[in-house]
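Here is the structure we will look at, set down as structure tokens.
Counting convention: from 1, in listed order, for ligands and their atoms alike.
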Amino acid sequence: MPMKIDAKLGLDVFKLDKEPHIVIDTEVCNTVCTDDACLYVCPADLYERDDQGRMTVNWEGCLECGTCLICCDPRALSWKYPGGPYGVQYRMS
Ligand code: SF4
Ligand code: SF4
């Protein structure tokens, strides 16, 4: 039977940098954004609003696909690849 996506993603390994490679300008999110696109496009479901309604991203689990950057029309995201040896390491079953 083919593996489900959650099981496949569970095989990946993440080596975390000290600094986040994605930073959100939450002021832009709350004043300009009309669609919260990041909530719907991230394949790892890493975006969520906190108790105060601020958009957050759990960058530690980022798959480095860049989809959120492309879909954020108001340009609220500062996005770069993790430095050096950091970031996601894909594993195949
Ligand atoms: S799509 Fe961009 S501007 Fe809109 S909530 Fe997400 S990060 Fe903020
Ligand atoms: S780059 Fe891809 S996996 Fe990482 S936060 Fe953006 S949409 Fe999610």
Side-chain angles (χ1 to χ4, degrees):
M1 185 190 328
M3 286 180 75
K4 294 191 173 180
I5 188 68
D6 286 352
K8 288 184 177 180
L9 291 175
L11 297 173
D12 297 336
V13 174
F14 298 88
K15 188 169 183 179
L16 301 184
D17 203 347
K18 294 189 183 78
E19 298 295 324
H21 66 284
I22 304 172
V23 177
I24 307 173
D25 184 339
T26 55
E27 183 68 19
V28 174
C29 299
N30 289 341
T31 58
V32 181
C33 190
T34 58
D35 58 10
D36 283 3
C38 57
L39 287 177
Y40 306 103
V41 300
C42 176
D45 198 20
L46 300 178
Y47 283 85
E48 60 185 353
R49 288 197 180 269
D50 67 13
D51 293 343
Q52 281 75 47
R54 285 183 300 249
M55 188 59 74
T56 65
V57 58
N58 298 306
W59 57 272
E60 297 92 336
C62 180
L63 302 173
E64 300 171 28
C65 66
T67 307
C68 54
L69 179 63
I70 292 171
C71 293
C72 178
D73 287 338
R75 299 284 181 247
L77 297 180
S78 170
W79 195 108
K80 62 183 179 183
Y81 285 107
Y86 300 109
V88 64
Q89 297 172 12
Y90 286 99
R91 296 282 194 270
M92 307 297 282
S93 62

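- Pairs passing the salt bridge (Lys or Arg N to Asp or Glu O under 4.0 Å) check and including a residue from residues 72-85, sequence neighbours excluded, do not occur.
- Taking a cut-off of under 4.0 Å to the non-hydrogen atoms of Y47, the atoms of ligand 2 that pass are 5 (S).
- The side-chain heavy atoms of V41 and Y47, taken from C-beta on, include no pair separated by under 4.5 Å.
- Under a cut-off of 6.0 angstrom, the local environment of OH in Y81 is sparse, with at most 12 non-hydrogen atoms contributed by other residues, nucleotides or ligands.
- With waters left out, the protein N, O or S atoms under 2.8 Å from atom 8 (Fe) of ligand 1 add up to 1.
- Remark: D12 pairs with no residue by the side chain to side chain donor-acceptor pair (under 3.5 Å) rule, at least two apart or across chains.
- No more than 12 heavy atoms of other residues, nucleotides or ligands lie within 6.0 Å of CD in E19, so this atom counts as exposed by the packing criterion.
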- Message: Would C68 and I70 count as a side chain to side chain contact (heavy atoms under 4.5 Å, CB included) here? Give the steps.
- Response: CA-CA 5 Å; C68 54; I70 292 171; over 6 Å; no
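- Within the protein, the N, O or S atoms sitting under 2.8 Å from atom 4 (Fe) of ligand 2 are C62 SG.
- The minimum heavy-atom distance linking K15 with P85 is given by the pair CD-O, 3.6 Å.
- Under a 4.0 Å criterion applied to the non-hydrogen atoms of W79, ligand 2 contributes the atoms 1 (S).
- In the displayed structure, Q52 atom CD is contacted under 6.0 Å by more than 12 heavy atoms of other residues, nucleotides or ligands.
- Considering only heavy atoms from C-beta on, I24 comes within 4.5 Å of L77 through its side chain.
- Closest approach of D17 and W59 over heavy atoms only: O-CH2, 3.3 Å.
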